[in-house]
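What follows is a short report on a single structure.
These numbers were taken from a predicted model, which means no experiment stands behind them.
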Amino acid sequence: MTQRLGHYDIVEELGRGGMGVVYKGYEPALGRYVAIKVLATAMAHDPVFVERFLREARSMATLSDPNIIQIYFIGQDEDQVFFAMEFIDGDSLSGWLKREGRLATGDALKILLQTSKGLAAAHSEGVIHRDIKPGNIMINNRGVVKVADFGIALASNDMASSKLTSTGALVGTPGYLPPEVCLGKAVDQRSDIFALGIVLFETLTGRMPFNDASPLKLMLEIVESNIPDIREFNPDVDEETVRILGRMLEKNPSDRYQSCDELCADL
């Protein structure tokens, strides 16, 4: 394992993904821990992958909000491209659900509200996340929610983003995709709201509304099938929460909340 990257000491590996590795690092000059995302070596010489990787850092760096993970530094050490960001001393919502199964309505709505506030800040800067899911919602040990991983975010004013993500590849995580993505239509902030609705359903029930093993059938369900009544899986969910969830998960974007600010007001 690398012992040092730039001016950061590497403490331990936190995880691996398709684009690279995330380490816990330490910055001696400021006496703080950071999370360091390093682009996979196999991709480091491909300009397209490097640009997509750096675009994640730039997308997050433009956003300053208590509910979005902050970027501290973007750099390169020999052939290793990396960026350092806020270290979250806690766990993802995905980790919580693996342990707890599902959360009480009040706890779920607190997480939803903070996530929605973070997304509202991103949307106000023209940045659409496009991959909202429990694994990208971090919760620190004080209960503060931080939206993470803007790796496939689309900036409305960034033509490079469109070129990098319009090659015909499906963008996002199956099961959390809104109908418009499944149909190859344009996305906007309302697409993030639909995905967040799927997250709320999962947080309250411990399962997703659609979970067919076939990606094609899953997308067909998302487009054509009605969302199951959440009270079939959790009868404790109150009427107002059911109403909010139903509006988040409308098939037609024009029938959903039109902004996260509007969603926050109802929450």
Output side-chain donor-acceptor pairs under 3.5 Å for residues 219-230, partner residues at least two apart or in another chain, one line each.
residue	atom	partner	partner atom	Å
Asp229	OD1	Arg231	N	3.0
Asp229	OD1	Arg231	NE	3.2

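- By the side chain to side chain donor-acceptor pair (under 3.5 Å) test, Asp238 is found to be paired with Thr241, residues two or more places apart in sequence or in another chain being considered.
- Partners of Asp236 by side-chain contact (heavy atoms from CB on, under 4.5 Å), not counting sequence neighbours, listed by chain and number: Asn234.
- When the side chain to side chain donor-acceptor pair (under 3.5 Å) test is applied to Lys133, the partners found at least two apart in sequence or on another chain are Thr173.
- When every heavy atom of Ala108 is checked against every heavy atom of Thr203, the shortest pair comes out as CB-CG2, 3.6 Å.
- Considering only heavy atoms from C-beta on, Val187 stays 4.5 Å or farther from Asp192 through its side chain.
- Residue pairs meeting the side-chain hydrogen bond (donor to acceptor under 3.5 Å, both in side chains) criterion with at least one partner in residues 250-264, sequence neighbours excluded, are Glu180-Arg256, Arg190-Gln258, Arg247-Glu262, Asn252-Ser254, Tyr257-Asp266.
- Residues passing the side chain to side chain donor-acceptor pair (under 3.5 Å) test with Asp77: none are found, sequence neighbours excluded.
- Within 6.0 Å of the NZ atom in Lys110, the count of heavy atoms belonging to other residues, nucleotides or ligands does not exceed 12.
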Determine, stepwise, if the pair Leu103 / Leu93 fulfils side chain to side chain contact (heavy atoms under 4.5 Å, CB included). CA-CA 10 Å; Leu103 302 184; Leu93 177 57; 4.1 Å; yes
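- Among residues two or more places apart in sequence or in another chain, the ring pair (Phe, Tyr, Trp, His ring centres under 6.0 Å) test is passed with Tyr8 by none.
- When hydrophobic clusters are built by joining Ile, Leu, Val, Met, Phe, Trp and Tyr residues whose side-chain heavy atoms come closer than 4.5 Å, directly or via intermediates, Leu204 is grouped together with Val242.
- Within a 6.0 Å radius of CD in Glu78, other residues, nucleotides and ligands contribute 12 heavy atoms or fewer.
- You'll find the side chain of Met43 stays beyond 4.5 Å of the side chain of Phe53, heavy atoms only.
- Checked against ring pair (Phe, Tyr, Trp, His ring centres under 6.0 Å), Tyr176 has no partners two or more places apart in sequence or in another chain.
- Using a 4.5 Å heavy-atom cutoff, the side chains of Ser116 and Leu196 are in contact.
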Does the side chain to side chain contact (heavy atoms under 4.5 Å, CB included) test come out yes or no for Ile132 and Val147, once each step is laid out? CA-CA 8 Å; Ile132 291 297; Val147 181; 4.2 Å; yes
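- In this structure, Leu249 and Ile198 have side chains that are in contact, with non-hydrogen atoms separated by less than 4.5 Å.
- When side chains are defined from C-beta on, Phe194 counts as touching Pro179, because their heavy atoms get closer than 4.5 Å.
- Relative ring orientation between Phe82 and Phe73 is described as tilted, the plane-to-plane angle lying within the 30° to 60° band.
- Counting only residues at least two apart or in different chains, side-chain hydrogen bond (donor to acceptor under 3.5 Å, both in side chains) contacts with residues 62-71 comprise Asn67-Gln114.
- Going from atom CZ of Phe83 over to atom CG of Leu54 covers 8.5 Å, rounded to the nearest 0.5 Å.
- Side-chain N or O atoms of Asp149 include none that pairs as donor or acceptor with a backbone N or O of Asn136 at under 3.5 Å.
- Listed for the His129 side chain is a donor-acceptor partner under 3.5 Å among the backbone atoms of Ala148.
- Taking the six-membered ring where tryptophan is involved, the planes of Phe87 and Tyr33 are tilted, since the angle between them lies from 30° to 60°.
- Atoms CD and CG, from Glu86 and Asp89 in turn, are 11.0 Å apart once rounded to the nearest 0.5 Å.
- In this structure, Arg32 satisfies the cation-pi test against Tyr72, with its NZ or CZ atom closer than 6.0 Å to the six-membered ring centre and inside 45 degrees of the ring normal.
- Counting only distance, with no hydrogens or angles, the side chain of Lys146 and the backbone of Pro66 share a donor-acceptor pair below 3.5 Å.
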Check: residues 209-216 side-chain donor-acceptor pairs under 3.5 Å, at least two apart:
residue	atom	partner	partner atom	Å
Asp212	OD1	Ser214	N	2.9
Ser214	OG	Leu216	N	3.4
Ser214	OG	Lys217	N	3.3

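- Distance CD1/Ile137 to OG1/Thr115: 4.0 Å, rounded to 0.5 Å.
- Contact check for Lys98 versus Asp91: no side-chain heavy atoms found under the 4.5 Å cut-off.
- The CD1 atom of Ile244 lies 8.0 Å from the CG atom of Leu112; values are rounded to the nearest 0.5 Å.
- Pro47 approaches His45 most closely through the heavy-atom pair CD-O, 3.5 Å.
- Here Arg142 pairs with nothing under the side chain to side chain donor-acceptor pair (under 3.5 Å) rule; sequence neighbours left out.
- Legend: residues meeting side-chain contact (heavy atoms from CB on, under 4.5 Å) with Leu113, ordered by chain and number and at least two apart, are Lys117, Cys264, Leu267.
- In this structure, CD1 on Ile69 lies 10.0 Å from NZ on Lys37, to the nearest 0.5 angstrom.
- How far CG of Leu39 is from CD of Gln76: 9.5 Å, rounded to the nearest 0.5 Å.
- Considering only heavy atoms from C-beta on, Gln3 stays 4.5 Å or farther from Ile10 through its side chain.
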